[in-house]
Amino acid sequence: MRVPRYGGGRLWRRPGPITRGITLVTTAVALVAVVLTGVTAWYLVRTGAEAQQRDQLGRQAEVLSRTPALSELLLDREQRLAGSNGQQVAVVVPGGETVGPATAAVDDRTRTRLLGGEAVSTEASLNGTHVLVEGRPAPGGGAVVLTQPYVVVHDSVARMRRALPLPLAVGLVGGGLAGLLLARRLSRPLTAAATTARRLAEGERGLRAAPGGPRELTDLTGALNVLDKALAHSENRQREFLLSVSHELRTPLTATLGYAEALADGVVGPQELPMVGETLLSETRRLERFVQDLLDLAHLETDDFRVETRPVDLDALVGKAGTVWADRCARHGVVFRVERPGRALTVETDGVRVRQMIDGLAENALRVTPAGAPLVLALTPDGDGARLQVRDGGPGLTPEDAAVAFERGTLHARYQGVRPVGTGLGLAIVHRLAQRLGGTVTARGHGPEGGACFTVRVPGRPGDGLTH
């Protein structure tokens, strides 16, 4: 089954919680932006209106200052400028006298600045009215001054402020719509990803979350697709492992049950009792070993697995292990050899776990090594730590085998019925032990002796190593 694509199905017909949430947030942001813009514009309107009126009045004064005949004509008639919204004019003659209806708005300081050739932009009171004053010096001397009631600025401000709500409202509505569109664009892949994750949690596999949206959301859907494949792979491996475990348990249980029923029915004669007892003991020990391997592996997967580190002489440890395995190999006709420095090689590690890895690898090697072939346990220094090797003269491993050698049950399932196999858990236990000790274990298909070669890197601390 597939997750519905974006834009189709009932899932997208009404906004979900994510869409509503993102829309509310973006609308709130737009509202805050509109309010701040409105407040700022409300106060800037006055400055802008005044600057506009001053600029217009200044340009008119500049024109009149360059056409003295026009200003004199206006003064002679004592008229206001036609269509000038209450503008009045005054002329400062080169001698310093000021004439015209706006004379009262020109004080001594303004007159001095104008006669000095400086433009003037100020405010004053004219006949009890607050006015803007703009003065411009004339090229031939003197100056022209224009005034305009400040109420014109108030009127302009009022008009501009009355026009503010509409664009602000449009901006707010636009922000809300943009937020809704953004929310839908973001929520669709998120909702699809959530649906996919929920279905994965419910056990569905083979799902495919369609990518879409920003890069982060595309990465999320990609990760879900990878997770789907990983879960399917892991569950397949777990299923195969359980099948392998059930098979491994069934064989000794069948033998044990058969002999037990024979004993219960009294069909086993006295002369057969030793053989039956030996078979029951062997199968019981086989079951015990398998259960112990399962417990060890489960224990290694937990966080409370204890590793007790202390200075360990690996040379002495390998020597003791060699004594035990030399005897076991001799009983199978396998030629056993130990290669070690012959002097103390002390490393800070857990000696019990190192011995457990040696035994696991040696048992695995002995199982597949034919009589007369070699089995080697080697120890060499490696930086601050040491390197342990178990090599055999058995059939070895293919490159494909080496790649999956430490996956529980994989080689067991692959070679069951072809060559001697154990519980299928030994190499997995060695791998987890090496990791818990901070080291590594690797497998090579063919070593110097012709068979497989397993190498364990036991790390140490700076200062560890060969000691005499």
Side-chain angles (χ1 to χ4, degrees), residues 240-299 320-338 352 355-377 390-397 401 405 408-430 449 451-452 454:
E240 292 172 359
F241 174 70
L242 290 175
L243 290 174
S244 175
V245 168
S246 63
H247 177 80
E248 194 69 24
L249 289 172
R250 186 182 297 113
T251 302
L253 281 175
T254 300
T256 303
L257 181 62
Y259 281 112
E261 289 176 346
L263 287 171
D265 294 339
V267 298
V268 178
Q271 68 279 7
E272 297 174 330
L273 284 177
M275 182 271 294
V276 171
E278 183 180 349
T279 302
L280 288 175
L281 180 62
S282 173
E283 295 303 316
T284 303
R285 285 176 175 171
R286 180 179 174 186
L287 279 173
E288 182 185 24
R289 183 174 68 253
F290 186 70
V291 171
Q292 186 59 48
D293 282 350
L294 286 174
L295 291 175
D296 287 344
L297 188 60
H299 193 196
K320 293 179 181 178
T323 301
V324 174
W325 283 100
D327 181 62
R328 290 191 59 179
C329 288
R331 292 199 298 269
H332 289 80
V334 173
V335 180
F336 182 75
R337 187 171 75 252
V338 176
V352 174
R355 175 61 189 270
Q356 190 175 353
M357 287 191 292
I358 292 175
D359 290 343
L361 292 174
E363 184 171 356
N364 179 74
L366 180 59
R367 188 181 303 115
V368 297
T369 304
L375 193 157
V376 178
L377 172 60
V390 175
R391 308 190 300 266
D392 62 66
L397 300 172
D401 293 339
R408 57 188 184 188
T410 301
L411 294 184
H412 177 273
R414 185 173 294 178
Y415 289 105
Q416 192 172 16
V418 178
R419 65 175 69 162
V421 293
T423 63
L425 303 177
L427 292 179
I429 292 174
V430 171
E449 287 71 27
F454 291 88

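Residue indices begin at 1 and follow the sequence shown. Below, each value reflects all heavy atoms present in this structure, side chains not excepted, and no hydrogens, waters or symmetry copies.
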Atom pairs and distances, donor-acceptor, side-chain atoms in residues 265-276, under 3.5 Å, two or more places apart:
unit_1: Glu272; atom_1: OE1; unit_2: Gly269; atom_2: N; d: 3.3

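- Considering every non-hydrogen atom in both Ala365 and Val390, the closest pair reads CB-CG1, 4.0 Å.
- Counting all heavy atoms, side chain and backbone alike, Gly393 lies closest to Ala373 at O-CB, 3.8 Å.
- Residue Val368 comes nearest to Pro395 through the heavy atom pair O-CD, 3.4 Å, listed as atom of the first residue, atom of the second, then distance.
- Contact between Val338 and Gly322 at its shortest, heavy atoms only, is CG2-CA, 3.8 Å.
- The shortest side-chain heavy-atom distance between Leu427 and Phe454 falls under the 4.5 Å cut-off.
- Rounding to the nearest 0.5 Å places CG of Asp392 at 8.0 Å from CG of Asn364.
- Residue Ala321 comes nearest to Ile358 through the heavy atom pair CB-CG2, 4.1 Å, listed as atom of the first residue, atom of the second, then distance.
- Going from atom CG of Leu377 over to atom CZ of Phe336 covers 5.0 Å, rounded to the nearest 0.5 Å.
- Considering Val335, Val324, Leu366 in turn, Leu366 is the only one that fulfils the side-chain contact (heavy atoms from CB on, under 4.5 Å) rule with Cys329.
- For the side chain to side chain donor-acceptor pair (under 3.5 Å) condition, the pairs that include at least one residue of residues 326-338, sequence neighbours left out, are Asp327-Arg331, Arg337-Glu339, Arg337-Glu449.
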